[in-house]
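Here is the structure we will look at, set down as structure tokens.
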Amino acid sequence: MRSVTVLVLTLAAVFAVLVPATPAAAHGQLAMSDPVADSTVSDAKAELKLYFTEQPASFAWFTVTAPSGRRVDGGWRSGEPKRLDKPVQEYFLVDGKFEPKTYHTGFPAVLTVSHWPEAGVYVAAYQSVASDGEPVKGTLKFTYAGPVTAPPAGWSAPTEGPSQALTDALAGKTSVPPAFPTATATAGPAAPAAQPPPPAPFVLTDWLIPGVIAAGVTLMIGTAARRDPVPVAKKRRRATAGSRRSAGPAG
């Protein structure tokens with residue numbers, strides 16, 4: 001039976017490799033940022049820029065938190081779209097099948113930073129809703145190694161949380177606004193508009209390979225289960241016959 005177990009585990013591993021996982025269908029995701037995630041910043045930036053594959057909703061919520069936990073964000077605004085360093089691919093469910101769409105342009109949320117009270121790891125967090133109603137949440141971490149700066153006169157750390165409109169949209173209680181605000185195009189050569197690639201043709205092997213593997217596993221397990229008891233039964237009969245011959249007739 002040990003050989004059967006090894007066979008099943010081997011075929012299961014092959015099955016996992018050959019059958020691709022369902023693609024993630026994240027929309028409106030973070031595609032690029034300034035500063036770059038996990039990088040080190042040495043200058044006291046007045047703004048951070050987070051570029052998404054679509055313009056964040058007008059009720060999106062952003063925070064910037066210092067290592068001590070104090071917030072240093074001073075609001076956000078939309079900005080000029082920019083060509084992404086690397087194209088981003090997102091998947092949309094069309095007629096029961098995931099189809100990819102490639103994005104080449106990023107739409108920024110420009111976050112104001114009031115001051116830099118200390119060195120260490122800062123966290124920019126965001127919450128929004130994509131145009132199709134899916135939540136957009138995440139964080140951007142980076143290390144600040146520049147000079148400590150003082151807060152503006154009369155500064156007090158913000159304490160407000162997400163708006164009720166955002167909370168309702170994340171909970172699916174309200175629909176997303178039909179039109180998101182968009183920024184004007186950047187100066188110079190315009191970034192090409194993202195065009196979805198043609199739908200991938202259905203390939204029979206997409207379903208044939210898993211089916212063949214599953215059928216093979218079932219057949220091999222059944223065959224092994226039928227064959228294993230035979231040698232054991234033969235051994236028992238031989239052992240019984242041998243003991244009878246060794247005993248022989250008495251006297």
Side-chain angles (χ1 to χ4, degrees), residues 26-86 88 103 105-131 134-171 176-177 180-188 191:
H27 302 154
Q29 62 181 305
L30 180 66
M32 188 172 65
S33 63
D34 179 17
V36 177
D38 301 321
S39 64
T40 298
V41 176
S42 299
D43 56 320
K45 293 177 175 288
E47 297 175 336
L48 308 179
K49 296 180 180 180
L50 277 59
Y51 292 86
F52 298 85
T53 53
E54 65 181 22
Q55 187 67 47
S58 57
F59 48 63
W61 185 59
F62 296 89
T63 62
V64 182
T65 307
S68 62
R70 290 179 292 177
R71 284 176 57 181
V72 293
D73 50 282
W76 75 280
R77 59 179 173 81
S78 59
E80 299 291 337
K82 184 178 180 180
R83 186 177 182 85
L84 298 175
D85 293 336
K86 295 181 180 179
V88 173
Y103 294 85
T105 303
F107 299 89
V110 183
L111 285 57
T112 300
V113 179
S114 61
H115 64 296
W116 300 89
E118 56 194 311
V121 178
Y122 282 70
V123 179
Y126 55 90
Q127 291 188 31
S128 185
V129 180
S131 57
E134 292 192 1
V136 179
K137 297 181 180 181
T139 58
L140 168 72
K141 296 182 179 181
F142 61 92
T143 300
Y144 178 68
V148 172
T149 61
W155 166 260
S156 60
T159 58
E160 76 280 358
S163 66
Q164 189 61 47
L166 174 58
T167 301
D168 290 343
L170 289 172
V176 181
F180 280 40
T182 55
T184 56
T186 54

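Heavy atoms only: backbone and side chains are in, while hydrogens, waters and symmetry mates are out.
Screening D43, V72, V148, T149 for a side-chain contact (heavy atoms from CB on, under 4.5 Å) with W116, the sole residue that qualifies is T149.
Considering all non-hydrogen atoms of both residues, Q55 and S78 come closest at NE2-CB, 3.1 Å. Nearest approach of H115 to P152, heavy atoms of both residues: ND1-CD, 4.3 Å. For the residue pair P35 and S39, the shortest heavy atom distance occurs at CB-OG, 3.7 Å. When all heavy atoms of F59 and A169 are compared, the pair lying nearest together is CZ-CB, 3.9 Å.
For residues 56-72, the pairs satisfying salt bridge (Lys or Arg N to Asp or Glu O under 4.0 Å) are R70-E118, R71-D73, R71-E160, with sequence neighbours left out.
The closest donor-acceptor contact from the side chain of Y51 to the backbone of E54 lies at 3.5 Å or more, if one exists at all. Between the side chain of T53 and the backbone N or O of Q29, at least one donor-acceptor pair lies under 3.5 Å.
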Take F142 and L48, measure what side chain to side chain contact (heavy atoms under 4.5 Å, CB included) needs, and give me the verdict at the end. CA-CA 11 Å; F142 61 92; L48 308 179; 3.9 Å; yes
Side chain to side chain contact (heavy atoms under 4.5 Å, CB included) for E47 and R77? Distances and angles first, verdict last. CA-CA 10 Å; E47 297 175 336; R77 59 179 173 81; 2.9 Å; yes
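Using the six-membered ring where Trp is involved, F52 and Y126 have ring planes that are perpendicular, over 60° apart on the 30 and 60° scheme.
Partners of K141 according to the salt bridge (charged side-chain N to carboxylate O under 4.0 Å, His left out) rule, which considers only residues two or more places apart in sequence or in another chain, do not exist here.
Here the side chains of F62 and V64 are not in contact, with every heavy-atom distance at 4.5 Å or above.
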